[in-house]
Every structure is written in C-alpha cells, then in structure tokens.
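Here's the structure we're looking at; comments come further down.
Every chain is numbered from 1 and lettered A, B, ... according to where its sequence line falls, protein lines coming before strand lines. Just so it is clear, the values below take in all heavy atoms, side chains as well, and ignore hydrogens, waters and symmetry mates.
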There are 2 protein chains.
Amino acid sequence: MENGAGHPEGLLLDEPSVGAPAGRRPRADAARNRAQILAAARRLFAEKDPRAVTMGDIARAAGVGRATLYRRFPDTASVAVALLDEHERELQGAMISGPPPLGPGAPPEERLAAFYAAMVDLLDRHLPLLLGAETGERRYTTGAYAFWRAHLRVLARAAGAPDPEALVEPLLAPLAPEAFAHQRDRAGLSPARIAAALAWSARRLLGGQDR
Amino acid sequence: MENGAGHPEGLLLDEPSVGAPAGRRPRADAARNRAQILAAARRLFAEKDPRAVTMGDIARAAGVGRATLYRRFPDTASVAVALLDEHERELQGAMISGPPPLGPGAPPEERLAAFYAAMVDLLDRHLPLLLGAETGERRYTTGAYAFWRAHLRVLARAAGAPDPEALVEPLLAPLAPEAFAHQRDRAGLSPARIAAALAWSARRLLGGQDR
DNA sequence: CATTCAAGCGGACACGGTGTCCACATAACC
DNA sequence: GGTTATGTGGACACCGTGTCCGCTTGAATG
C-alpha cells in the first residue's frame, strides 16, 4: 500500500443503488411500491427467521406481485442490504472522519475496540436484517465487507502486526452475524459482555507493549 | 467448573451414529448401499460447490433411490457430517490425550496455536465436506462445535483471561469454513500463512507476559 | 385536455428440489 | 424352504424460484 495514512476513502460511500432506478426520476407508483416493499420486508425480517423469508412472502406482505418485486431485487438478501445501507454508511462515515476513538487520532488498539463496539451495537439493533443480508458466503462478497477489511488492514499495519493481510480475517470473523446470534441468543451473553470480550482481544492483539 | 484439570471428556467421542442403524447388525445390502452413498457423496462434495449438492444428486451418483437415502440421512449436511466424523474424532483424541503442544502439558497459548494449526490442516484437507456440513447456523448446533468450545474455554481459563466464556467465540470464529474458504481461495492466502497469523494471535491473546 | 408511449405491473407458467407414502423385493432368522 | 421384518425405490404433492407477456398507468407532448 503506497498511501501511508491511507484510509479506504470512497470505497463504499456511493448511492443506495440497490433496487433504486438509476437514471431518471422514478415514477410515482414505482416509488410507492418500493417504499411498501421495504416496509413490509423490514417487518417480515423482524418477526420470523430472516433466512426463511421468501420473495413470495415479501411481495404478498407489500401487496405487490412477485414479478414487481423481482424487477428491483434479485433475491431477499438484496432487500435486506437495501435496508441496511443507510446504517452502514453512517458507521463508515464515523470511521473515516468522525471523532476518535472510532475515527482517526486514537491508537490502533483503541480504534479497533471502538469499531468492535460499534459493530456489536449494529448487530444488536439490526441482527435480523444482517442475518437476512449476509447469510453464508454472501458476507464476503458484499461491498460493506470490503470496507471493514480495508479499515482493519490499516489498523493492523499501524500497530506493526507481522502480517496485516492475513490478520484481517481473524479480526473480522467474530462479527459474523451468525456468530453474534449464537452468542447473544443461544449462549445468552449480553451485547455489553460480548463487546467487552472483543475490546479485551483488541487491546491484547494490537496493543503496543512490545512492538 | 469443578474439575480443575477438566477436559471435555467423552463429549463427542461416541459412535458414528449418523446414518448407521443402532441396534442389530445391519443387513448386507443396507451396509453396501451405505458405503456407496458415502463414497458417491465424497466425490460429489469434492467436484462441485458442496452447498449445491442435492439429495437427488447423491442418490443418483450412488445408484440408489432417493427414499433409500432419506432413510438414513435427513439432508445433505448429515451426509457430510458422517464423512467428517472419523477425522474429527481423531483430532479430538489428540487434543485430549495426545502429546503436547496439542495435548495437555504445554502452556495455553501454545496449545491454542497447535489447535489452530490442526484445524487449518483439517480445513485445508476437507474444506468441501466442512462447507457441506456446517453451512450457516448449523455450525453452532453440531456436536463437534461444542467440543471445540469446551476445549477453548479450558485454555482461556488456564491463561487467566477475564471472561473465558465470552472469549471462546472470538477465538473460534476464524475457523468457520466459509472464512477459511474466503481466505484461501478468494484472497489467495496459503494455509501456512493463515496458520501463522492465527498462531501469532494465539500467543498475543493467551500469552502470559502480564496476563 | 386529449393523445401517445415508455415504464411499471402482476398473473401465469415451467422448472427443480424437498419430503413422504406405499407396494414390492430380499436378506435374515427359524 | 417358509416367514417376517427390514430395506428399497418409483411416484406423488407441495413449495420456492425465476421468467415471460399482455395489460395498466403515469408522465410528457401538442
């Protein structure tokens, strides 16, 4: 990486882009349907297992035909991604240009701990959506993931870790939606306790006692 | 936990039990079919995306009817679990009673590093099966997972970590099959490099300089 | 305000996978 | 060799997916 202080600037702060027509202003009924779809989907994801939500469910709950739904979203995961977009962009902004320790200016281990805390909060508040959006392999191909990855690579590098590229995945893996769901709902750990354990890990891993 | 040197003894060292008749000796044709099913499934999981393998695929490749397959295995994941059983039991045995550093007798951070190395090796050799067996949430409900969990809890406790229970998940998350697949096949990291990064993490996290 | 036309809509279809049922076959036991 | 319990697999109904095509409707134009 050339840029020493490099941040993953502009890596995923683009427009919503998922399910929204690009060129001209959308038609009134189209916009209304889109809003109905998103509202219905948010409800459905929350009230049953997000991975069991089908395209037919969403279309029926939104009061539109299935083909109308398919016109904008290729699958249920894309709907969830659209619902998550704004929350994730907000967090990304705070990471790039917000106040420390989440933003620039704090030592790497503290920035990592703050990132963990923010992500645990995001997971806690929007777990159904995240489960619906990032099921299985899809997690790694989504745009947001590339951003988290780039961010953590910068932090690992700044902390002088031996192989930042290879360290990124272990740092990010505990934030997998399924992992969080298991800890919170199956094992009964509070989000605060999960965040505390991650903060401890962050300081152990990137803390600068020897290097 | 009462048992100070406690190991999760007998937690998952039971009989294969998946798809094998329990009580009496199985019929000759049943045993033959079972072997054909497992052989065919192993082949299929290796040659295409394990998550795209269907019950019909396995039955056809094994030369048996679909209902025969359903008699033993409720879904494709169970077939993969049966194929993994022996490898995992072998590793579990080494962890409980094998030589250090994998077995008892080494400091926690070294045992964790050895566990990571062994798991990376298992993942590298049997990734298709693991992807087929532990897709998504199922990972957390499988028997083997409970064993890894218990093992890491013991190590974290021995290292004096503040909240071993909450630390287990972050320690285990990087070993999710999807995470490994992404690192090795998408990011192009060699298993050795992945293992090295995990070993470094293990020593930072559980290494005993300050506790 | 009437006309025109592209964009949006949704009912209907074909396909493929799942899980179950039941009539038949066959190995194991007497 | 006859009997029985177990194993087998073809067939069925159901559900979700993804696509096609004729109809509707909003918006731009004269």
Rounded interatomic separation in angstrom, taking [atom1] from [X] and [atom2] from [N]:
X        : N       : atom1 : atom2 : answer
Ile37(B) : dG9(D)  : CD1   : C1'   : 12 Å
Leu69(A) : dG8(C)  : CG    : P     : 15 Å
Arg34(A) : dA7(C)  : CZ    : C1'   : 17 Å
Arg71(A) : dT25(D) : CZ    : P     : 16 Å
Gln36(A) : dC9(C)  : CD    : C1'   : 13 Å
Phe73(A) : dG18(D) : CZ    : P     : 15 Å

Considering only dA12(C), dG8(C), dT18(C), which nucleotide approaches the side chain of Arg66(A) most closely?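 Comparing dA12(C), dG8(C), dT18(C) against the side chain of Arg66(A), the answer is dA12(C).
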
On the nucleotide [N], are OP1 or OP2 found under 4.0 Å from the side-chain N or O atoms that [X] carries?
X        : N       : result
Arg72(A) : dC9(C)  : yes
Arg60(B) : dG9(D)  : no
Thr68(A) : dG10(C) : yes

Test: [X] and [Y] ion pair at under 4.0 Å:
X         : Y         : value
Arg203(B) : Glu110(B) : yes
Glu178(A) : Arg139(A) : no
Asp57(A)  : Arg66(A)  : no

Report the residue (Thr76(B) or Ala67(B)) whose heavy-atom-nearest nucleotide on DNA chain C is the more 5′ of the two.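 Final value for this comparison: Thr76(B).
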
When you match Arg32(B) and Asp57(B) each to their closest nucleotide on DNA chain C, which lands nearer the 5' end? Asp57(B)

So Asn33(B), base contact, sugar-phosphate only, or nothing? Heavy-atom distance under 4.0 Å. sugar-phosphate

Suppose the criterion is salt bridge (Lys or Arg N to Asp or Glu O under 4.0 Å): which pairs have a residue in residues 181-200 of chain A, not counting sequence neighbours?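 Salt bridge (Lys or Arg N to Asp or Glu O under 4.0 Å) check on residues 181-200 of chain A returns Asp124(A)-Arg184(A), Arg186(A)-Glu137(B), Arg193(A)-Asp163(B).
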
Please give me every residue in residues 38-56 of chain A whose heavy atoms get under 4.0 Å of an atom in DNA chain C, ordered by residue number. none

Donor-acceptor pair, Arg153(A) side chain versus Glu165(A) backbone, under 3.5 Å?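 Side chain of Arg153(A) to backbone of Glu165(A), a donor-acceptor pair under 3.5 Å: no, none is there.
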
For the atom pair CE (Met119(A)) and CG (Leu123(A)), what is the distance rounded to the nearest 0.5 Å? 5.5 Å

Around atom CD of Glu47(B), are there more than 12 heavy atoms from other residues, nucleotides or ligands closer than 6.0 Å? yes

